[in-house]
There are 2 protein chains.
Amino acid sequence: MINSYQGQTQILVAVDCIIFGFHNDELKLLLVKRDFEPEKGKWSLVGGFLQPNETSDDAANRVLLQLTGLDDVYMRQVNTFTDPNRDPVERTISIAYYALINLEDHNEELRKKNSAHWVALADVPELIFDHAEMVKMAIKEIQYKTSIQPVGFELLPPKFTMRQLQKLYEAIYQEDIDKRNFTKKINKLDILVKLEEKDMSSSRKGSFLFEFDKEKYEAKVQNGFSFKL
Amino acid sequence: MINSYQGQTQILVAVDCIIFGFHNDELKLLLVKRDFEPEKGKWSLVGGFLQPNETSDDAANRVLLQLTGLDDVYMRQVNTFTDPNRDPVERTISIAYYALINLEDHNEELRKKNSAHWVALADVPELIFDHAEMVKMAIKEIQYKTSIQPVGFELLPPKFTMRQLQKLYEAIYQEDIDKRNFTKKINKLDILVKLEEKDMSSSRKGSFLFEFDKEKYEAKVQNGFSFKL
DNA sequence: TCAAAAGTGTTCACCGTACACCCATGG
DNA sequence: CCATGGGTGTACGGTGAACACTTTTGA
């Protein structure tokens with residue numbers, strides 16, 4: 001295997017972010033209308049080029065920060081897309097990342113300034129290049145990840161109701177869940193704190209708020225516990 | 001999000017292959033002793049640079065073909081590694097792939113010519129750059145993949161015994177499995193064909209050979225069946 | 001008093017797991 | 001005849017899935 005460093009082709013490397021949020025019992029994506037060529041005016045994931053001294057994780061975080069004002073967000077690599085013709089202008093490979101954010105936290109001004117919009121998964125328009133495939137893979141990935149790690153909470157506010165949590169999982173798995181079985185399962189995990197407080201916005205009766213107890217979860221993991229939904 | 005294509009940094013893009021084989025009830029990796037700088041003489045995964053007109057899948061297949069003589073091999077992306085300092089010579093990002101091959105099939109001459117060796121997982125020496133991390137991620141990935149898809153068979157010859165299959169899963173999951181429970185589970189899946197033929201090499205009594213019935217498996221998948229081990 | 005969402009238990013089928021003995025054969 | 005690995009069944013506890021009614025309260 002002769003890998004000469006001389007004469008090897010250098011290539012543009014980009015990151016693209018699939019940014020998930022949750023609102024009104026729906027999973028949403030943060031999409032931008034491109035304000036530059038090619039495909040100006042078309043819908044696209046938000047992305048950027050990898051800079052000389054940053055990792056792709058850095059780049060993805062930078063891009064996300066610029067668009068949402070959010071730092072310290074749950075982000076993971078999905079896949080790298082390398083079709084020589086995926087970008088018509090110049091050969092570019094793209095490392096796709098997904099991010100899970102609490103939609104309420106993002107900076108509206110920045111979002112508007114970048115002509116970005118929250119779009120429900122069901123309403124995602126045609127996307128440029130291979131971005132639709134990126135989204136598809138990201139969804140599969142979060143379905144898996146949320147089933148084995150308590151990362152779904154990243155999409156919710158710190159205090160949430162059992163029903164919100166259920167709707168979130170229904171949106172992620174794209175299937176209905178029986179609420180009695182769901183509550184039972186969550187309770188058995190024993191990683192939530194039930195607050196005194198109620199959320200009165202969703203019903204007359206009101207519904208109790210919960211918090212994810214990260215310390216408790218991590219302590220349990222130390223003792224061999226593994227999250228499974 | 002201003003992504004000018006002008007003035008963006010171009011970067012070397014490599015692929016590295018984590019090649020798994022199975023022999024003597026052990027998972028093995030195909031590693032090479034580098035015959036070029038940097039780190040000449042050190043152990044390394046086999047890799048190569050992405051060429052102008054190929055996808056990274058192409059590149060990984062090319063690299064694997066050159067080393068093993070094998071084509072049409074099960075390969076999947078693991079992750080892309082982008083630390084600016086991961087390669088001391090020049091900035092290079094690497095897209096890691098894992099491959100599952102039937103160790104018996106590979107071309108010994110090519111292997112020797114490239115100073116490649118099969119090394120049991122437990123005996124993997126120190127590897128250059130971030131290759132150890134690549135291996136770690138690849139193992140996690142095959143643990144997951146082999147639990148939800150019948151890809152373990154890629155590591156076995158077309159005809160194999162129930163015991164071989166069990167030892168394979170034990171090697172992948174790195175834990176012992178009860179043979180009665182294992183047999184029961186596999187039989188329930190109903191995707192193997194039991195042959196008349198026996199393998200007489202492992203015991204006096206001999207043990208029956210099986211084949212994976214790919215058509216049957218795919219037909220079942222069409223009907224909603226999902227593999228789970 | 002009614003509409004709307006919250007909250008809560010039981011049953012049953014199936015699955016995972018633990019566990020031990022006989023079989024066939026070559027030497 | 002014996003040593004070696006091959007092959008097989010059962011019992012039990014736990015889990016997942018189906019399923020319906022009562023509670024609260026604001027309007």
Side-chain angles (χ1 to χ4, degrees), chain A residues 23-26 143 146-148 156-157 159-211 220 224-229, chain B residues 23-26 143 146-148 156-157 159-211 220 224-229:
Chain A
H23 190 61
N24 277 141
D25 298 351
E26 281 186 317
Q143 288 175 339
T146 53
S147 79
I148 59 160
L156 295 173
K159 299 176 182 181
F160 49 86
T161 68
M162 191 61 81
R163 220 49 46 208
Q164 275 178 289
L165 186 60
Q166 179 184 340
K167 292 294 180 187
L168 171 65
Y169 274 95
E170 289 181 340
I172 293 172
Y173 298 155
Q174 298 172 13
E175 65 184 30
D176 289 348
I177 303 175
D178 179 275
K179 68 175 170 175
R180 284 165 292 187
N181 293 338
F182 183 77
T183 306
K184 223 186 311 170
K185 231 177 189 172
I186 296 290
N187 284 334
K188 187 147 36 119
L189 291 176
D190 186 32
I191 55 174
L192 295 189
V193 182
K194 185 175 186 169
L195 305 176
E196 303 286 303
E197 208 177 335
K198 278 188 167 188
D199 166 35
M200 298 308 294
S201 69
S202 64
S203 74
R204 313 237 148 105
K205 187 178 177 181
S207 80
F208 282 104
L209 288 164
F210 292 81
E211 275 177 341
K220 292 182 72 132
F225 167 81
S226 70
F227 182 97
K228 190 121 298 191
L229 255 193
Chain B
H23 189 62
N24 277 141
D25 298 349
E26 282 186 317
Q143 288 175 339
T146 54
S147 78
I148 59 159
L156 295 174
K159 299 177 182 181
F160 50 85
T161 68
M162 192 60 81
R163 220 50 44 208
Q164 275 178 288
L165 186 60
Q166 179 184 339
K167 292 294 180 187
L168 172 65
Y169 274 95
E170 290 181 341
I172 293 172
Y173 298 154
Q174 298 172 12
E175 65 184 30
D176 290 348
I177 304 175
D178 179 277
K179 68 176 170 178
R180 284 165 293 189
N181 293 338
F182 183 78
T183 307
K184 222 185 313 170
K185 228 173 187 176
I186 296 289
N187 284 334
K188 188 149 34 122
L189 291 176
D190 187 31
I191 53 175
L192 295 189
V193 183
K194 185 176 187 169
L195 305 175
E196 303 285 304
E197 207 178 336
K198 278 188 168 187
D199 166 35
M200 299 307 294
S201 69
S202 64
S203 73
R204 314 241 148 103
K205 187 178 177 180
S207 80
F208 282 105
L209 288 165
F210 292 81
E211 275 178 340
K220 291 182 71 132
F225 167 80
S226 69
F227 183 96
K228 191 120 297 194
L229 257 192

Identify which nucleotide among dC19(D), dG5(D), dG27(C) has an atom closest to any side-chain atom of Asn181(A), counting heavy atoms from C-beta outward. dC19(D)
Geometric class of the Phe210(B)/Phe160(B) ring pair [parallel <30°, tilted 30-60°, perpendicular >60°]: parallel
Atom CE of Met200(B) and atom P of dT4(D): how far apart are they, to the nearest Å? 17 Å
In whole Å, what is the span from the CG atom of Leu229(A) to the P atom of dT15(D)? 14 Å
Ranking dG16(D), dG9(D), dG6(D) by distance to the side chain of Ser202(B), first place goes to dG6(D)
Rounded distance (nearest 0.5 Å) linking atom CE of Met162(A) with atom NZ of Lys179(A): 12.0 Å
Nearest-Å distance for atom pair CG/P, residues Asn187(A) and dG7(C): 11 Å
Can you find an N or O donor on one side and an acceptor on the other, under 3.5 Å apart, linking the side chain of Lys205(A) with the base of dA6(C)? yes
On DNA chain D, more 5' by nearest nucleotide between Arg180(B) and Arg180(A) is Arg180(B)
Quick note, Arg163(B) side chain, CB onward, closest among dG7(D), dG9(D), dA27(D) is dG7(D)
Can you measure Lys194(B) atom NZ to dT8(D) atom C1' for me and round it to whole angstrom units? 10 Å
Per Lys184(A) side chain, nearest of listed nucleotides dA17(D), dG16(D), dG9(D): dA17(D)
What distance do Leu165(A) atom CG and Leu229(A) atom CG have between them, rounded to the nearest 0.5 Å? 7.5 Å
In sequence, state the C-alpha distance, the side-chain angles, and the governing distance for Arg163(B) and Asp199(B), and then conclude on salt bridge (charged side-chain N to carboxylate O under 4.0 Å, His left out). CA-CA 11 Å; Arg163(B) 220 50 44 208; Asp199(B) 166 35; over 6 Å; no
Rounded off to whole Å, could you give me the CG-to-P distance for the Asp178(B) and dA20(C) pair? 10 Å
Nearest whole Å is fine: how far is dA18(C) P from Lys179(B) NZ? 16 Å
Asp176(A) CG to dC19(D) P, straight-line distance once rounded to whole Å: 14 Å
Residue met sooner reading DNA chain C from 5', once Ser207(A) and Ser203(B) are mapped to nucleotides: Ser207(A)
Gly206(A) or Lys188(A): which one's nearest nucleotide on DNA chain D is closer to the 5' end? Lys188(A)
Check the distance between dG16(D)'s C1' and Lys228(B)'s NZ and give it to me in whole angstrom. 14 Å
State, without any angle test, whether Asn187(A) and Lys184(A) hold a side-chain donor-acceptor pair at a distance under 3.5 Å. no
